*Asks:* 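Quick one: the structure is below, and I'll ask about it shortly.
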2 protein chains.
Amino acid sequence: MPAPIDFYFDFSSPYGYLAAEVIDTIASKHGRAVIWHPILLGAAFKAMGAVPLPNVPLKGEYVLRDVARSARFLGLPFKRPTHFPIPTQNAARAFLWLNDRNTTKARELARALYRAYFVEDINISEADTVLDIAAGLGIARVELSDAISTGAIKERLKAEVDVALARGVFGSPFFIVEGEPFWGVDRLPQIEKWLSEGAF
Amino acid sequence: MPAPIDFYFDFSSPYGYLAAEVIDTIASKHGRAVIWHPILLGAAFKAMGAVPLPNVPLKGEYVLRDVARSARFLGLPFKRPTHFPIPTQNAARAFLWLNDRNTTKARELARALYRAYFVEDINISEADTVLDIAAGLGIARVELSDAISTGAIKERLKAEVDVALARGVFGSPFFIVEGEPFWGVDRLPQIEKWLSEGAF
């Protein structure tokens, strides 16, 4: 049984949104499972001395244009959010809690949160917004609300981010396939080659 | 007559090397000319508050691995240079001077310099090394040596870099196609779509 693909993403990352729309289809074409890992890029950015992309002169403007064009290239809808970037702790915690119980439902929630933010321009930073979107998918609101406010889930997310950093993850989307790191939705063609022909 | 593709590259950029090997073939498939622009990324990095990639924690290690894998993905040879990054003023000046006289020969020189650095691990920072490689292509050594030490060619390169920055160029390779900016050798599939189907 080949190893599953580790897929790291930040809910505030537009390229993460694009990857979330396609990674499961690509993996299943090659008989691979995917493990989804929500992370917070703040810690990695701190380690790199980096700032959020929109604040970088020259690159910031380019990236917003590139995201929109990359979405069209992949045939996916995209609308530049009014608020960007945003804190995504609540979204990540909700995903983590749900993913322990039902991975399919958790991915549905992830994609719904991503589309809310990057297609419908809904700011998903607040817990209430995350709970609304989850409720729309039939996820029990009170139970999820309680779950994402515990100290346990906060510690859990922190620990998950530490594991990601220890594995060398520094961006979103980030994939690890049999120990090989791939950064960016633009590396999907290389991942497909790897999955179909093996290490190259 | 469609506009030519502007191709910006730094001789110290491994992704620039990969792009230099393939851009003319891609462009000519679509009946497009390419204008080659050597630049120095130092000025752009300063504007962005960025440091050379190898010095960035986490990302630096990844990038060296990604370059090697991207070369294999494109079927191109690559050897990690012992000295990286290096100053590339001499290479850029030699290219500029030659390009005013013979664009075909200038591209031959550019590819020879890139291969020397990224395949044969030859440090191309010194003028003598650039002149040796140029001489190997039949380019008059004394004439080129004189040309790259004039104040005029130094000012010219500086001005070319300023133009690039003013156009929003901040990395290597960087392409501008009918006003649309594309950053990275990984954007070539998007450029191909643009060339064959028009703006998307």
Side-chain angles (χ1 to χ4, degrees), chain A residues 8 15 39 41 43-76 164-171 174-177 179-194 197-200, chain B residues 8 15 39 41 43-76 164-171 174-177 179-194 197-200:
Chain A
Y8 293 88
Y15 296 110
I39 52 166
L41 281 176
F45 276 32
K46 214 170 159 184
M48 292 191 288
V51 295
L53 278 175
N55 303 339
V56 181
L58 296 166
K59 205 185 211 171
E61 284 160 59
Y62 171 80
V63 164
L64 290 168
R65 185 171 187 147
D66 182 66
V67 166
R69 189 181 60 217
S70 293
R72 294 192 297 273
F73 184 68
L74 294 168
L76 296 168
L165 285 175
R167 294 192 77 187
V169 174
F170 61 84
F174 202 101
F175 309 91
I176 302 180
V177 185
E180 184 75 9
F182 296 87
W183 172 44
V185 71
D186 44 33
R187 288 299 175 275
L188 288 173
Q190 293 194 15
I191 291 174
E192 292 217 61
K193 181 180 168 73
W194 189 283
E197 302 169 20
F200 65 87
Chain B
Y8 293 88
Y15 296 110
I39 51 165
L41 280 176
F45 278 31
K46 213 169 161 186
M48 292 190 289
V51 294
L53 278 174
N55 303 339
V56 180
L58 296 167
K59 205 186 211 170
E61 284 161 59
Y62 170 80
V63 164
L64 290 168
R65 186 171 186 146
D66 181 66
V67 166
R69 190 181 60 219
S70 294
R72 294 193 298 274
F73 184 68
L74 294 169
L76 296 169
L165 285 173
R167 294 191 78 186
V169 174
F170 60 84
F174 201 101
F175 309 91
I176 303 180
V177 186
E180 184 75 9
F182 295 87
W183 170 45
V185 69
D186 44 32
R187 288 298 175 274
L188 288 174
Q190 293 194 15
I191 291 174
E192 292 217 61
K193 181 180 169 71
W194 190 282
E197 301 169 20
F200 64 87

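Letters A, B, ... are given to chains in the order of the sequence lines, protein chains preceding strands, and every chain is numbered from 1. Being a predicted model, the structure only gives us computed values, none of them experimental.
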*Asks:* Who pairs with A:E180 by salt bridge (charged side-chain N to carboxylate O under 4.0 Å, His left out), at least two apart in sequence or on another chain?
*Replies:*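 Listed in chain order: B:R65, B:R69.
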*Asks:* Of all residues at least two apart in sequence or in a different chain, which pass the salt bridge (charged side-chain N to carboxylate O under 4.0 Å, His left out) check with A:K193?
*Replies:*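 With neighbours one apart ignored, the set is A:E197.
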*Asks:* Find the one option among B:G171, B:G168, B:S70 whose heavy-atom pairs under 4.5 Å with chain A are most numerous.
*Replies:*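 Max contact count across the listed options: B:S70.
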*Asks:* If we count only N and O atoms by modelled type, under 3.5 Å, do the side chains of A:Y15 and A:D186 hold a donor and an acceptor together?
*Replies:*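 There is no such pair (donor and acceptor under 3.5 Å, judged by atom type) between the side chains of A:Y15 and A:D186.
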*Asks:* Which heavy atom of B:V169 sits nearest to which heavy atom of B:I39, and what is that distance?
*Replies:*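 Heavy atoms only, the tightest pair is CG1-CD1, 3.7 Å.
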*Asks:* Side chain from CB out, backbone as N, CA, C, O: work out which of these in B:V63 comes under 4.5 Å of a heavy atom of chain A, or both, or neither.
*Replies:*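 Neither part, no heavy atoms under 4.5 Å.
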*Asks:* Quick check for you: among B:P57, B:P181, B:P189, which has the greatest number of heavy-atom pairs under 4.5 Å with chain A?
*Replies:*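 Greatest number of close heavy-atom pairs with chain A: B:P181.
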